[in-house]
Amino acid sequence: MSDNVCIDEKRCRTELVGEVDGKKVYFYYLTNSAGMELCICNYGATIVSLKYPDRTGEFADIVLGFELLEKYRNDAYVACNPFMGGVVGRFANRIGGASYTIDNIIYKLEKNNGQNCLHSGSHGFDKVVWDSTPLLVGKWNCIELTYVSADGEGGFGGTLTTTVIYSLTDNDEVKISYRATTDKPTVVNLTNHAYFNLSGEGTESVLDTVVTISADNFTPTDFLQIPTGELMSVSETPFDFRNPMTIGSRINDIHDQLVLGNGYDHNWVLNKEKSDELSLAATAYDPSSGRFMEVFTTEPAIQFYTGNNLNGTLLGKSGKPYVARSGFCFETQHFPDSPNKPHFPTTVLRPGETFLSSTIYRFSLR
Ligand code: BGC
């Protein structure tokens, strides 16, 4: 780890906020030329805050999170377990039956979601301290974070070395680059679990946010939220976001998939001309503030989750309770339960291969 001095010090501030498992934990504040500010914590490689102006120039923090490290670790947080802002891994989303097989070896994972493993269990990448250092990549201030997950950790096989780089550009983009290698065959699916509220965290609802998702199909699930394996057309369903729709306009429709997810909590299959291309996956627009967000990714899919399981027990940075649907997540990813669905794009990583993935959140005003 470096001495925590950023090359462009004016645009990078480091604050020591505590210690976990004997390792120092920092909040890193990056700013760009327009004054946008991104705060990253090396506990969980977490996006803690993101400050962006509205049409009148007034800044608000547009991601849910906490001002204190302790609030990401206390009993209330663990009970709600929202994976708030963290990097989820080594396998984001659900693995059915909490088990998978590679090369005839069965791997048994933690069952932390009924019979399933959700987001790699109770001690995944969002709950560990990453090695971290600020650095300049090209023109942009970045935070580079590395975590070495031991062979057998959480039940997964293979030592997995993961590096995540967050950059804040002068084009008002937060760019996340992921890279991972392994010493034994394993499965990898990495995402960021930030909850956005473009009106500002602490405002009660995101139901008026207007969303698009570039997807003709999604993966419907069974009652345990495991994909059935089919792709379902979004046509004439509340899952059709090919044209702009507010989140709230259809979220309470009588549709069995909405009932199963208690709202939107599904994986959309992104329309792509070429797999791995960086393409527009989704947008979100908040008419009241004018804040507009675009999501680009190299990943084949996105989990659009409307914070249905937030239950008001956690008080956020402005002291307001985080209630259901007060934030939404755009989790760029491979499909849930891919390890058990051979016809889904593969999530297997073998020694000698490099997992690479990029996601960009770009912000502007309308
Ligand atoms: C899942 C939800 C879950 C949430 C917080 C999302 O990615 O799809 O079902 O409640 O994470 O754990």
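In each ligand, atom 1 is the first atom listed, and ligand 1 is the first ligand listed. Residues: numbered from 1 along the sequence shown.
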Participant: According to salt bridge (Lys or Arg N to Asp or Glu O under 4.0 Å), who are the partners of D61, at least two apart in sequence or on a separate chain?
Facilitator: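 Listed in chain order: K317.
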Participant: Return the residue, atom name and 0.1 Å-rounded distance of the protein heavy atom closest to atom 11 (O) of ligand 1.
Facilitator: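 Checking every protein heavy atom, the shortest distance to atom 11 (O) of ligand 1 gives H193 NE2, 2.9 Å.
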Participant: Taking 4.0 angstrom as the limit and counting only heavy atoms of N309, give me the atoms of ligand 1 inside it, by number and element.
Facilitator: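 Every atom of ligand 1 under 4.0 Å from some heavy atom of N309: 3 (C), 9 (O), 10 (O).
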Participant: Could you find the nearest protein heavy atom to atom 9 (O) of ligand 1 and give me its residue, atom name and distance?
Facilitator: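 For atom 9 (O) of ligand 1, the nearest protein heavy atom comes out as D265 OD2, 2.5 Å.
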Participant: Indicate the ring-plane relationship of F27 and Y29, choosing parallel, tilted or perpendicular according to the 30° and 60° boundaries.
Facilitator: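 Correct class here is perpendicular.
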Participant: Is the shortest distance from a Lys or Arg side-chain nitrogen in D170 or R11 to a carboxylate oxygen in the other one below 4.0 Å?
Facilitator: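 Salt bridge present between D170 and R11.
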Participant: Answer yes or no: is there a donor N or O on one side and an acceptor on the other, between the side chain of N271 and the main chain of D216, under 3.5 Å?
Facilitator: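 It does hold such a pair.
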Participant: Output the list of atoms in ligand 1 that are nearer than 4.0 Å to some heavy atom of Q303, sorted by atom number.
Facilitator: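 Listed by number with element, the hits are 8 (O).
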Participant: Identify, by atom number and element, the atoms of ligand 1 in contact range of N81, meaning under 4.0 Å from any of its heavy atoms.
Facilitator: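 In order of numbering, the contacting atoms are 5 (C), 12 (O).
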Participant: Can you tell me which portion of V88 lies within the under-4.0 Å heavy-atom range of ligand 1? Options are side chain, backbone, both, or neither.
Facilitator: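 Under 4.0 Å from ligand 1, V88 contributes no heavy atoms.
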Participant: Quick check for you: to the nearest 0.5 Å, what is the distance between N93 atom CG and C117 atom SG?
Facilitator: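 Answer rounded to 0.5 Å: 10.5 Å.
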Participant: Give the atoms of ligand 1, by number and element, whose distance to some non-hydrogen atom of E331 is under 4.0 Å.
Facilitator: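 In order of number, 6 (C), 7 (O).
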Participant: Check ligand 1 against L118 and write out every atom of the ligand that is under 4.0 Å from a heavy-atom position of the residue.
Facilitator: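 In order of numbering, the contacting atoms are 12 (O).
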Participant: Check each atom of ligand 1 against the heavy atoms of R94 and keep those under 4.0 Å away; list them by number with element.
Facilitator: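 Those of ligand 1 that fall under 4.0 Å from R94 are 1 (C), 2 (C), 8 (O), 9 (O).
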Participant: Verify the distance criterion only: is there a donor paired with an acceptor across the side chains of S132 and Y26 at less than 3.5 Å?
Facilitator: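 There is no such pair between these side chains.
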Participant: Does some non-hydrogen atom of N113 fall short of 4.0 Å from ligand 1?
Facilitator: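 N113: no contact with ligand 1 (<4.0 Å).
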Participant: Under the side chain to side chain contact (heavy atoms under 4.5 Å, CB included) test, which residues partner D208, sequence neighbours left out?
Facilitator: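 Here no residue qualifies.
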